[in-house]
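In what follows, a single structure is set out as structure tokens and then discussed.
In each ligand, atom 1 is the first atom listed, and ligand 1 is the first ligand listed. Throughout, residue positions are numbered sequentially from 1 according to the sequence presented.
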Amino acid sequence: MPDSQPTPQHGSCGSVAAISAAAHRILVEETATFVDRHPRSKAVFDDTSSGFLNQVPLHWMRDWPMPFPVVLATAKGSDVTDIDGNAAVDFCLGDTGAMFGHGPGVIVEALARTAEIGLTTMLPSADVGVVGRLLSQIFGLSRWQVTATASDANRFAFRVARAVTGRRKILVFDGCYHGAADETLVDLEDGRTVGRENLLGQAVDLAETTVCIPFNDLPALEAALATGEIACVVAEPVMTNCGMILPQAGFHTALRELTRAHGTLLHIDETHTISTGLGGYTKTHGLEPDILVVGKPVGGGVPVAVWGMTEAIAGRLDAVRAAKSGIGHSGIGTTLSGSALQLACLRACLETVMTGAAYQTMNRLADRIEAGFSAAIGNAGLPWHVSRVGARLEVVFAPSLVRNAVEARAAAIPVVQKAIHLALLNRGYLLTPFHNMVLVAPTTSEPQVTGLVACFGQILSRLAAGAVAK
Ligand code: PMP
């Protein structure tokens, strides 16, 4: 009987349908304001003769919640401006690539200096020893390699894991994202590992390479490891790419014990959770991975990522390579990786940008945002909460922490997310296009935080009032 079905409720604001309808009305108004304020940006995207596919250099740039993306004029510290003369405080920070603020002075100097000595030579530079030792000190693993992106670093690390264990598969958690690394682009559907719906040109059945299980599910983990097929478990210590999913108490300890017991390597991807503190979530929470990847902000905003392994894994890798000729195509590495430019920027970032003091500032300001957003949610009577890993925060549209991707997907209300995003942008605050992640940089100021929190509160009040009024 239809009338016996309860309407999904959403706190004191009525139903999910009512809040979505209110968000839709806000979205229509804010989209009109956005279009009005961005005629030049619009012209760029209307110019189909630009020579770029869909008029953008990377097709993701069309995936923002706006009808067309703003065209950047400048980005410095935490401030961005566009070619239409609008300014915004940047809490997106290039989706973490600029987590320490845009264009730190020492990075700009390092770029200029290395341009003088040769941008790309395929030779190591004199920064090798300093950078390698800094990486070991900060992250705790002892043998490092440099790539251009975190996607590359993850892919190469999977090869190492398979080479040293002699096993074929990797294990990932449902809802993960580890970059453009084929093996990881899977979902869990009715207990089966399947390739993601929107993957293009996928030739290999990803169930051949990957096992996907829910995060925080230790029985599923144990069962998968018991097959003896898994070379490595690849994990973000806090899942950040499907909403934000925190590990339950004891999860990481059990993950480490179980992987060790089954001879499976533990590969931790800190590309986003580097927001936690110095040395990432791994150092802050005493994790003991065999392989660690850090990308995005590790070189202060230039295309560089690093991946490290323990001495034990390095020894096993040497043995595998010695059994072959040790030279020739390994499937690991790209021509523009490990350059003098990347090493100089890594050195500058690790020595003077990515510091304990910087994290203190970021976390203090993130405390204020967490408290301010939580208060705004309470005032609006919305059954939501703030999820956080250090300087990275997100609003989850559910009353309590979500434990896995199924719960995270169920909590998502895309139209609400879009409305909040656009309303904040029109008020001068830029959040990440993907689930409105808020990221704090050491260059973020107190007034910028105060402004963000105030605008967020106003938008939620408008949303709640709109939902109740209808
Ligand atoms: N790992 C994680 C956890 C990520 O979130 C991302 C990108 N969002 C990547 C790896 C890939 O980074 P990139 O696109 O710079 O290769």
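The closest non-hydrogen atom to atom 9 (C) of ligand 1, taken over Gly97, Ala235, Gly179, Cys176, comes from Gly179.
The proximity of Asn154 to ligand 1, defined as any non-hydrogen pair under 4.0 Å, is limited to the side chain.
Scanning the protein for heavy atoms near atom 16 (O) of ligand 1, the closest one is Ser151 OG, 2.6 Å. Taking atom 7 (C) of ligand 1 as the reference point, the nearest protein heavy-atom neighbour is Lys296 NZ, 3.0 Å. Closest to atom 12 (O) of ligand 1, if we only count protein heavy atoms, is Ala150 CB, 3.5 Å. With respect to atom 1 (N) of ligand 1, the closest heavy atom belonging to the protein is Asp269 OD2, 2.6 Å.
Ring geometry, Trp60 versus Tyr177: the interplanar angle exceeds 60°, so the pair is classed perpendicular (tilted spans 30 to 60°). Using cut-offs of 30° and 60° on the angle between ring planes, the pair Phe68 and Phe34 is tilted.
A centroid separation of less than 6.0 Å is found between the aromatic rings of His252 and Tyr281. In this structure, the ring of Phe158 has its center less than 6.0 angstrom from the ring center of His267. For Phe215 and Phe251, the ring centers sit closer than 6.0 Å to each other.
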> Taking it one step at a time, do Thr443 and Phe100 satisfy side chain to side chain contact (heavy atoms under 4.5 Å, CB included)?
Replying inline: CA-CA 7 Å; Thr443 49; Phe100 298 107; over 6 Å; no
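Side chains of Asn436 and Val395 form no contact here, defined as non-hydrogen atoms less than 4.5 Å apart.
Ligand 1 places these atoms under 4.0 Å from at least one heavy atom of His178: 1 (N), 9 (C), 10 (C). Under a 4.0 Å criterion applied to the non-hydrogen atoms of Glu236, ligand 1 contributes the atoms 3 (C). Counting the atoms of ligand 1 from 1 in the order shown, those under 4.0 Å from a heavy atom of Tyr177 are 1 (N), 2 (C), 3 (C), 4 (C), 6 (C), 7 (C), 8 (N). Heavy-atom proximity to Asn241, at under 4.0 Å, picks out these atoms of ligand 1: 3 (C), 4 (C), 5 (O). Less than 4.0 angstrom separates some heavy atom of His272 from each of these atoms of ligand 1: 5 (O), 8 (N). Less than 4.0 angstrom separates some heavy atom of Thr149 from each of these atoms of ligand 1: 16 (O).
Looking only at atom types and distance, the side chain of Ser339 has no donor-acceptor partner in the side chain of Thr120 under 3.5 Å away.
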